[in-house]
Amino acid sequence: MTTTTPDVLHTRVLDWYADHARSLPWREPGCSPWGVLVSEVMLQQTPVARVLPRWREWLDRWPTPSDLAAEPPGEAVRAWDRLGYPRRALRLHAAAVAIRDEHGGRVPADHAQLLALPGIGAYTAAAVASFAFGQRHAVVDTNVRRVHARAVTGDAEPAPSLTAAENRLAVALLPQDEATAARWAVAVMELGALVCTARSPRCDACPLLDRCAWVLAGRPAHAGPTRRGQAWAGTDRQVRGKLLAVLRASPDPVPAADLDACWPDAAQRARCLDGLVADGLVEPLADGRFTLPRT
DNA sequence: CACGCGTGGAA
DNA sequence: TTTCCAAGCGT
């Protein structure tokens, strides 16, 4: 239970955002909804600094969904470069096709229609509806969850996965006015990204310092179980990454021998290649070579 | 619902 | 060096 009224949180965070927001190209007034959507998908689990150059290239090459939809999906995977989780590139291409075929080439403003697009989940649908179309939605990402956990709930970290209680809290905190709600959504996220960070929060720079439930409680350590980091060395994910890197680097289809060279364990290599084919990230050709997907 | 899914910079 | 972690999604 908090004694701080939402109005104070809104004023503090919105004023802070007005002074400290980063100038990012997808926040420019002239940025299209498509530009916002592309940025949101690229930013799923990938840092802003790494996204920036790829985002500019994408929007320059494919300024509309129909431009991307006209290309083979493999071109999206190649242009994705090393942003990671390349299935996102495939889904973004599929979303572009759906936007062209089912929405007249225009990114839909409706939350449910956004949610129905490939690769667009609860967070991204709300983010696009809010950031690109100025609507009132609870936009709950990892930054927002961390700010809410500390400032409102008084916990050092949010729960391992998004809970119904967190969603209820985010809805309860939304300003009533639509335009204010949209600014609040991006402002809280920015606060979590720049000040209320995961590792070393800069509480001295926080506009909520004197109202933060976690600080007022003496910054107690995280109570729950420590979440396990993802293993990497020797995992299928590493092997998939190596296989796909070979295919991205080659403008032409690649002989199987080139893929064999990138990982010593033949069984794991074969399993991963099969997985990539099943995912639609790799296309096997009749002559035994492999390529990024053409269809 | 817990898990698998890439990548690389910073602490 | 190792570990953490960065605007999640789909199954």
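Residue numbers begin at 1 in each chain, while the letters A, B, ... track the order of the sequences.
Within residues 58-69 of chain A, no residue is approached by DNA chain C to less than 4.0 Å at the level of any non-hydrogen atom. Less than 4.0 Å separates DNA chain C from at least one heavy atom of each of the following residues of residues 10-24 of chain A: A:Arg22, A:Leu24. For the segment residues 82-96 of chain A, residues with any heavy atom less than 4.0 angstrom from an atom of DNA chain B are, sorted by number, A:Arg82, A:Leu83, A:Gly84, A:Tyr85, A:Pro86, A:Arg87, A:Arg88. At a non-hydrogen distance threshold of 4.0 Å, nothing from residues 159-189 of chain A comes into contact with DNA chain B. Only A:Arg240, A:Gly241, A:Arg248, listed by number, bring a heavy atom of residues 240-266 of chain A to less than 4.0 angstrom from any atom of DNA chain B. Within residues 33-45 of chain A, the residues having any heavy atom under 4.0 Å from DNA chain C are, by residue number, A:Glu40, A:Leu43, A:Gln44, A:Gln45. Within residues 124-146 of chain A, the residues approached by DNA chain C to less than 4.0 Å at the level of any non-hydrogen atom are A:Thr124, A:Asp141, A:Thr142, A:Asn143, A:Arg146, in residue-number order.
Electrostatic pairing of A:Asp236 and A:Arg271 counts as a salt bridge here, judged by a charged N lying under 4.0 Å from a carboxylate O. Between A:Asp260 and A:Arg269, at least one side-chain N (NZ, or NE/NH1/NH2) sits under 4.0 Å from a carboxylate O, which counts as a salt bridge. Between A:Glu178 and A:Arg183 there is no salt bridge, since none of the side-chain N atoms of the basic residue sits less than 4.0 Å from a carboxylate O of the acidic one. Ion pairing between a basic and an acidic side chain is recognised when a charged N comes within 4.0 Å of a carboxylate O; A:Arg146 and A:Glu157 show no such pairing. A salt bridge links A:Arg240 with A:Asp279: the distance from a Lys NZ or Arg NE/NH1/NH2 to an Asp or Glu carboxylate oxygen falls below 4.0 Å.
From the 5' end on, the contacts that DNA chain C makes with chain A at under 4.0 Å to a non-hydrogen atom open and close at C:dC4 to C:dG10.
For the pair A:Gln230 CD and B:dT7 P, the interatomic distance rounds to 13 Å; values are reported in whole Å. For A:Leu52 and B:dG8, the CG to P distance is 17 Å, given to the nearest whole Å.
Side-chain atoms of A:Thr46 and base atoms of B:dG6 include a donor and an acceptor less than 3.5 Å apart.
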Detail all sub-3.5 Å separations between protein N/O atoms and N/O atoms belonging to nucleotides 9-11 of chain B.
none

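Using a distance-only test at 3.5 Å, with no hydrogens or angles considered, no donor-acceptor pair links the side chain of A:Glu28 to the main chain of A:Pro25.
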Name every donor-acceptor pair, under 3.5 Å, that has one atom in a side chain of residues 84-93 of chain A and the other anywhere in the protein, sequence neighbours excluded.
from    : atom 1 : to      : atom 2 : distance (Å)
A:Arg88 : NE     : A:Gly84 : O      : 3.4
A:Arg88 : NE     : A:Tyr85 : O      : 3.4
A:Arg88 : NH1    : A:Val41 : O      : 3.0
A:Arg88 : NH1    : A:Met42 : O      : 2.9
A:Arg88 : NH1    : A:Gln44 : O      : 2.6
A:Arg88 : NH1    : A:Thr46 : OG1    : 3.4
A:Arg88 : NH2    : A:Thr46 : OG1    : 2.8
A:Arg88 : NH2    : A:Leu83 : O      : 3.1
A:Arg88 : NH2    : A:Gly84 : O      : 2.7
A:His93 : NE2    : A:Glu71 : O      : 2.6

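Ring pair A:Trp62/A:Trp58 is perpendicular by interplanar angle, where above 60° counts as perpendicular and below 30° as parallel.
Apart from A:Trp232 itself, the hydrophobic cluster it occupies contains nothing, where clustering links Ile, Leu, Val, Met, Phe, Trp and Tyr at side-chain heavy-atom distances under 4.5 Å.
Base pairing in DNA chain B yields stems of at least 3 consecutive Watson-Crick or G-U pairs, both distances under 3.5 Å, namely B:2-5 with C:8-11, B:7-11 with C:2-6.
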